[in-house]
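Since the structure comes first, as structure tokens, the remarks are kept for the end.
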Protein chains: 2
Amino acid sequence: MLTIGKLGQATGTKVPTIRYYEQVGLLPRPERSSGNQRLYGRAAQGRLAFIRHARELGFPLDAIRELLSLQDRPDQPCAAADLIARRQLAAVEARLARLRSLKGELERMVAQCAHGTVADCRVIETLADHGLCEGAHEVAPAATGGVALS
Amino acid sequence: MLTIGKLGQATGTKVPTIRYYEQVGLLPRPERSSGNQRLYGRAAQGRLAFIRHARELGFPLDAIRELLSLQDRPDQPCAAADLIARRQLAAVEARLARLRSLKGELERMVAQCAHGTVADCRVIETLADHGLCEGAHEVAPAATGGVALS
DNA sequence: CTTGAACCTCTAGCTGCTAGAGACATTAGG
DNA sequence: CCTAATGTCTCTAGCAGCTAGAGGTTCAAG
């Protein structure tokens with residue numbers, strides 16, 4: 001049986017984060033010691049590792065909730081899990097495409113900076129006048145799902 | 001003179017977002033009509049376009065605040081602006097690297113799914129056991145600065 | 001003059017945590 | 001056995017960057 005601190009160390013999770021996962025229903029309420037402290041067994045450790053790994057892959061908590069409930073019913077077809085993963089992959093790909101174009105524009109901006117005064121700084125100028133950039137980022141896609149991805 | 005709605009249309013910004021920018025001090029308080037409605041001139045429109053463009057490039061509001069104050073003093077050296085842009089570029093590059101490795105792992109996961117039952121689904125299994133993936137994302141870097149980047 | 005859209009202020013909510021206050025539990029050392 | 005240091009408890013509030021809603025005023029068209 002692990003205390004919350006040990007569990008945190010074992011899974012690379014901060015203590016308040018574990019309590020947060022419990023609060024939002026991703027982790028079940030654990031047993032308590034005589035002094036009311038949380039005690040975790042192997043099952044909880046596995047579940048938390050699962051959550052952390054999925055988070056590292058950028059899955060939002062809602063998707064993780066679904067994946068966990070799938071894991072609990074092993075005889076169901078895994079099409080649902082597959083779909084969730086594919087959706088996440090699509091989100092990551094969209095994000096990548098956008099970031100690549102941003103990187104291009106930022107590189108052009110800093111490359112053109114002549115290190116003079118602000119008055120003729122290309123960085124400021126480019127920001128002020130969208131026409132100066134090559135329109136690489138036309139309209140923000142927005143609403144990609146609110147995934148953090150650090 | 002534009003009303004807030006027209007300004008929003010002109011710059012592709014939602015009305016509450018404009019009010020929000022005013023509230024956090026990115027936009028100055030505009031004149032008001034006799035009926036207390038906001039009225040914006042050319043200067044405000046330019047400033048808002050600057051902000052939106054910088055946001056599309058992923059600059060956080062704090063960086064934009066700095067860039068705006070630089071823009072207001074055109075005879076200063078532009079090294080500061082350059083530095084902000086370079087920092088943003090570095091953040092974007094870090095994020096790109098991470099996203100690329102996530103994409104790789106997600107692709108592997110999805111490719112291995114045999115479309116059977118959850119019991120032997122590689123998607124679930126990979127998530128449950130970090131040892132199964134190729135360790136492409138070892139430890140989350142965290143604290144990259146809280147930049148959103150859509 | 002009436003209707004409907006656009007505007008006003010204010011508050012609360014979103015994601016995924018993180019930080020702090022103030023109080024109890026546990027543990028290692030002397 | 002006692003004490004000091006650390007760990008844990010609950011609860012509330014805060015972060016970015018908006019977004020949505022309530023409940024009320026103002027404006028422009030017909």
Side-chain angles (χ1 to χ4, degrees), chain A residues 1-27 29-40 48 51-66 88 91 95 140-150, chain B residues 1-27 29-40 48 51-66 88 91 95 140-150:
Chain A
M1 285 298 178
L2 302 168
T3 63
I4 196 168
K6 303 289 177 196
L7 179 65
Q9 277 183 279
T11 57
T13 315
K14 286 179 186 162
V15 167
T17 303
I18 299 175
R19 288 196 279 247
Y20 172 75
Y21 288 158
E22 178 183 331
Q23 190 190 312
V24 299
L26 280 180
L27 287 175
R29 296 180 177 200
E31 304 179 49
R32 300 290 185 127
S33 73
S34 58
N36 197 35
Q37 303 197 344
R38 290 170 178 83
L39 292 177
Y40 296 93
L48 180 52
I51 296 169
R52 292 309 297 171
H53 191 190
R55 282 299 298 142
E56 280 166 23
L57 288 171
F59 286 88
L61 294 189
D62 274 355
I64 297 175
R65 219 185 302 272
E66 280 189 77
Q88 175 63 12
R95 216 163 287 259
T144 27
V147 186
L149 294 176
S150 85
Chain B
M1 285 299 177
L2 302 168
T3 62
I4 196 170
K6 302 291 177 196
L7 179 65
Q9 278 184 278
T11 57
T13 315
K14 287 180 187 158
V15 167
T17 304
I18 299 175
R19 289 196 278 246
Y20 172 75
Y21 288 158
E22 178 184 332
Q23 191 189 313
V24 299
L26 279 179
L27 287 175
R29 295 180 178 204
E31 304 179 49
R32 299 291 184 126
S33 72
S34 56
N36 195 36
Q37 303 197 345
R38 291 170 177 82
L39 291 178
Y40 297 93
L48 180 53
I51 295 169
R52 291 310 296 172
H53 191 190
R55 283 299 297 143
E56 280 168 23
L57 288 171
F59 286 88
L61 294 188
D62 276 354
I64 296 174
R65 222 184 301 272
E66 280 189 77
Q88 176 64 13
R95 215 163 289 256
T144 26
V147 188
L149 294 177
S150 83

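Sequence lines set the chain letters: A, B, ... in the order given, protein chains first and strands last, and positions in each chain run from 1.
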### Message
Just to verify, what does R65(A) make a salt bridge (charged side-chain N to carboxylate O under 4.0 Å, His left out) with, not counting sequence neighbours?
### Response
D62(A)
### Query
I18(B) and Y40(B): side-chain contact (heavy atoms from CB on, under 4.5 Å), yes or no, with the steps?
CA-CA 11 Å; I18(B) 299 175; Y40(B) 297 93; 3.6 Å; yes
### Query
What's the shortest heavy-atom distance between F59(B) and I64(B), and which atoms?
O-CD1, 3.6 Å
### Query
For the pair made of CG in L61(B) and P in dC15(D), what is the distance, rounded to whole Å?
13 Å
### Task
Figure out the CD/P separation between E56(B) and dG17(D), and round it to whole Å.
15 Å
## Note on the structure
Whichever of R19(A) and R19(B) has the more 5' nearest nucleotide on DNA chain D, that residue is R19(A)
### Task
Let me know the distance between OH of Y20(B) and P of dA16(D), rounded to the nearest Å.
7 Å
### Task
Take Q23(B) and I4(B), find for each the nucleotide of DNA chain C with the closest heavy atom, and name the residue whose nucleotide sits nearer the 5' end.
I4(B)
### Query
When all nucleic acid strands are considered with a 4.0 Å heavy-atom cut-off, which category describes R38(A): base, sugar-phosphate, or nothing?
sugar-phosphate
### Summary
note: E22(A), atom CD; dC11(D), atom C1'; distance rounded to Å ~ 14 Å
### Message
Is it true that, when you exclude R32(B) itself, more than 12 heavy atoms of the residues, nucleotides or ligands shown sit nearer than 6.0 Å to its CZ?
### Response
yes
### Task
Quickly work out the L7(B) CG to dC8(C) P distance and round it to whole Å.
11 Å
### Task
Kindly give the heavy-atom pair with the smallest separation between G12(A) and R52(A), and that separation in Å.
O-NE, 4.2 Å
### Query
Does OP1 or OP2 of dC18(D) have a side-chain N or O of Y21(B) closer than 4.0 Å?
yes
### Message
For a quick test of reading the model, state the closest non-hydrogen atom pair linking L39(B) to P30(B) and the distance between them.
### Response
O-CB, 3.4 Å
What's touching nucleotides 24-30 of chain D from the protein side, N or O pairs under 3.5 Å?
from	atom 1	to	atom 2	distance (Å)
dC27(D)	OP1	G35(B)	N	3.1

### Nearest-Å distance for atom pair CE/P, residues M1(B) and dC7(C)
16 Å
### Query
Think T17(B) has a side-chain N or O under 4.0 angstrom from the OP1 or OP2 of dT19(D)?
yes
### Task
Examine distances only and state if a side-chain atom of Q88(A) and a backbone atom of G58(A) form a donor-acceptor pair shorter than 3.5 Å.
yes
#### Entry: Options dT18(C), dT8(D), dG16(C), nucleotide nearest the side-chain atoms of V15(A)
dT8(D)
### Query
If only side-chain N and O atoms of R32(A) are considered, is one of them under 4.0 Å from the OP1 or OP2 phosphate oxygen of dT10(D)?
yes
### Query
Q9(B) CD to dC7(C) C1': how many Å, rounded?
14 Å
### Message
Output the rounded distance in Å from CD1 (I18(A)) to P (dC17(C)).
### Response
12 Å
